[in-house]
Number of protein chains: 2
Amino acid sequence: MSDRVIGRLSVYRRLLHGLRDSGVQSVYSHQLASMAGCTAAQVRRDLMAVGYSGTPTRGYDVSALLASIGAHLDAPEGQNAALVGVGNLGRAILAFFAGRRPRLSIVAAFDSDHYKTNRVIQGCRCYPVEDIAQVVRNNRIEVGIITVPATEAQEVADRLVGAGVRGILNFAPAALRVRPDIYVETMDITVSLEKVAFFARRGAPKKEMAR
Amino acid sequence: MSDRVIGRLSVYRRLLHGLRDSGVQSVYSHQLASMAGCTAAQVRRDLMAVGYSGTPTRGYDVSALLASIGAHLDAPEGQNAALVGVGNLGRAILAFFAGRRPRLSIVAAFDSDHYKTNRVIQGCRCYPVEDIAQVVRNNRIEVGIITVPATEAQEVADRLVGAGVRGILNFAPAALRVRPDIYVETMDITVSLEKVAFFARRGAPKKEMAR
DNA sequence: TAGATTGTTAATCGATTAACAATC
DNA sequence: TAGATTGTTAATCGATTAACAATC
């Protein structure tokens with residue numbers, strides 16, 4: 001299943017949660033499409049990919065669809081993540097995810113500044129970066145979040161991968177070199193802002209939903 | 001010029017700045033490609049798009065290339081941005097961009113919390129959200145950065161667009177509905193983290209550089 | 001039944017990749 | 001000159017879009 005499909009499924013899930021909380025029991029593809037900002041055909045194709053079928057008269061059952069998407073996206077036994085770099089951005093992300101997702105939780109933070117280590121920040125225990133190998137192994141951490149300066153990002157990535165991390169969400173403005181079996185997603189705020197600034201001047205191109 | 005090309009040009013530019021600071025005068029497409037995490041053919045195609053030609057023996061001249069990319073990406077007279085939502089993430093972004101880019105600067109912040117307004121936060125003046133229309137117009141702000149909760153994002157987007165903003169970088173987990181001539185880029189951290197978690201379990205798909 | 005929606009297939013579109021001639 | 005690199009063209013690949021039959 002492709003990169004983009006997974007991203008859209010994640011979006012659908014959040015929307016479906018909202019619908020279920022509002023008491024909505026079924027939904028049509030075009031409704032989801034309108035809320036997610038994509039096409040109805042895309043929605044139907046994506047939902048077929050998770051093996052769930054709708055019915056022509058009722059559309060898709062919200063609860064059953066949530067279960068199907070969850071079965072595809074979530075690890076049954078849950079997954080643990082670690083964040084490296086407790087600066088402004090790191091703290092913001094810790095605060096955002098603290099106790100939010102039962103199936104995917106940030107269980108450890110790391111920093112090289114000893115004024116930050118060995119205490120709890122935004123609800124998350126902060127360790128020295130030297131302990132990455134040990135803490136990642138002990139806690140079966142599979143996902144790493146990198147919020148250190150660009151100059152340190154590659155070294156941190158190497159440590160994380162060496163300790164067993166298989167996927168990295170990278171906020172540092174640097175292209176990480178990792179083994180081909182490691183998944184890296186780089187969120188480059190500077191690049192995104194420059195893109196927005198460019199198209200703010202030049203006019204928006206045909207819309208697209210990449211995620 | 002497409003969305004992705006602009007993103008890659010922004011990456012090349014940062015790399016070229018680093019090279020120039022190190023005293024490097026010329027560079028080959030495969031060198032840039034290796035640093036940017038894309039293919040040499042992509043680099044050559046992208047650089048042709050900005051109208052700069054290399055030479056077979058020397059490759060591309062770093063300084064001249066920087067000038068060409070800048071001429072395409074930057075507004076000659078500079079551009080102003082505003083950030084709405086001075087929470088943890090908002091402050092992190094303000095701190096990151098404070099006084100960094102002469103051609104693209106965050107000149108105003110907004111928040112609905114009156115304990116935050118009418119003072120300077122991370123080097124940026126913070127106004128009440130009610131003043132968006134006035135401040136955006138007075139400062140010729142074209143770019144908006146949304147770091148408010150999802151429930152408020154659409155209202156903030158409407159205010160920004162109404163005041164004249166043409167491009168939005170949206171960190172709220174919500175699909176914004178705006179006029180088709182407005183460019184919106186949504187950076188959804190939750191979606192990205194779920195993608196990383198998924199591929200950490202399932203194994204990375206063929207690599208791609210979207211930005 | 002009638003009709004809107006679903007799932008399937010074929011056509012289109014865009015971007016990437018590969019092959020090759022041009023160049024310093 | 002020789003050779004690696006550039007710029008150009010054609011082929012490939014993937015995803016999206018459009019058209020249509022199936023269904024409740």
Side-chain angles (χ1 to χ4, degrees), chain A residues 1-12 16 19 24-62 64-65 68-69 72 175 180 195 199 204-211, chain B residues 1-12 16 19 24-62 64-65 68-69 72 175 180 195 199 204-211:
Chain A
M1 208 142 28
S2 99
D3 195 60
R4 298 193 173 187
V5 175
I6 300 298
R8 287 196 299 253
L9 288 173
S10 171
V11 173
Y12 304 153
L16 290 164
L19 290 173
V24 176
Q25 294 193 347
S26 63
V27 64
Y28 295 123
S29 59
H30 66 83
Q31 294 176 311
L32 272 179
S34 151
M35 290 186 287
C38 62
T39 69
Q42 261 173 339
V43 171
R44 288 202 294 273
R45 186 160 30 84
D46 294 340
L47 298 189
M48 275 164 45
V50 300
Y52 187 75
S53 293
T55 58
T57 37
R58 298 199 171 177
Y60 300 89
D61 182 84
V62 171
L65 189 48
S68 285
I69 293 177
H72 271 74
K195 272 166 65 173
F199 289 114
K206 62 121 187 47
K207 78 167 174 179
E208 183 194 347
M209 189 210 171
R211 293 277 175 188
Chain B
M1 208 142 28
S2 98
D3 194 59
R4 297 195 174 184
V5 175
I6 300 300
R8 287 195 299 253
L9 287 173
S10 170
V11 173
Y12 305 152
L16 290 165
L19 289 172
V24 176
Q25 294 191 348
S26 62
V27 64
Y28 294 123
S29 58
H30 65 84
Q31 294 176 310
L32 272 180
S34 151
M35 290 185 289
C38 61
T39 69
Q42 262 173 338
V43 172
R44 288 202 294 274
R45 186 161 29 85
D46 294 340
L47 297 190
M48 274 165 45
V50 300
Y52 188 75
S53 293
T55 57
T57 36
R58 297 200 171 176
Y60 301 89
D61 182 85
V62 171
L65 189 48
S68 286
I69 293 178
H72 271 74
K195 271 166 66 172
F199 290 114
K206 62 122 185 49
K207 80 168 170 178
E208 183 192 348
M209 189 210 170
R211 293 273 177 192

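Letters A, B, ... mirror the listed sequences (proteins, then strands); counts begin at 1.
Within residues 53-61 of chain B, the residues that place at least one heavy atom under 4.0 Å from DNA chain D are, in residue-number order, B:Ser53, B:Gly54, B:Thr55, B:Pro56, B:Thr57, B:Gly59, B:Tyr60.
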What side-chain donor-acceptor pairs closer than 3.5 Å can you find for residues 52-62 of chain B, not counting sequence neighbours?
| unit_1 | atom_1 | unit_2 | atom_2 | d |
| --- | --- | --- | --- | --- |
| B:Thr55 | OG1 | B:Arg58 | N | 3.4 |
| B:Asp61 | OD2 | B:Ser63 | N | 3.4 |
| B:Asp61 | OD2 | B:Ala64 | N | 2.9 |

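Using a 4.0 Å cut-off, no side-chain N or O of A:Arg44 falls inside it from OP1 or OP2 of C:dA4. At least one side-chain nitrogen or oxygen of B:Gln42 sits closer than 4.0 Å to the OP1 or OP2 atom of C:dT16. Side-chain N/O atoms of B:Thr39 include none lying less than 4.0 angstrom from OP1 or OP2 on C:dT16.
When the C1' atom of C:dT6 is taken as reference, atom CG of A:Leu32 falls 14 Å away, rounded to whole Å. Rounded to an integer number of Å, the gap from CG of A:Asp3 to P of D:dA15 is 10 Å. Note: CG (B:Leu47) to P (D:dT5) measures 15 Å, nearest angstrom. Atom pair A:Gln31:CD and C:dA4:P shows a separation of 15 Å (rounding to whole Å applied). Atom OH in B:Tyr28 sits roughly 11 Å away from atom P in D:dA4 (whole-Å rounding).
Figure legend. C:dT23 is base-paired to D:dA4; pairs are counted as Watson-Crick or G-U wobble with both atom distances under 3.5 Å. With both pairing distances under 3.5 Å, D:dT16 is matched to C:dA11 as a Watson-Crick or G-U wobble pair.
Nearest nucleotide to the A:Met48 side chain, out of C:dT8, D:dT6, C:dT17: C:dT8.
Remark: A:Met35 CE to A:Leu19 CG distance equals 4.5 Å, nearest 0.5 Å. We find the CG-CG distance between A:Leu65 and A:Leu32 to be 7.0 Å, quoted to the nearest 0.5 Å.
If you find the closest nucleotide of DNA chain D to B:Arg45 and to B:His30, the one lying nearer the 5' end belongs to B:His30.
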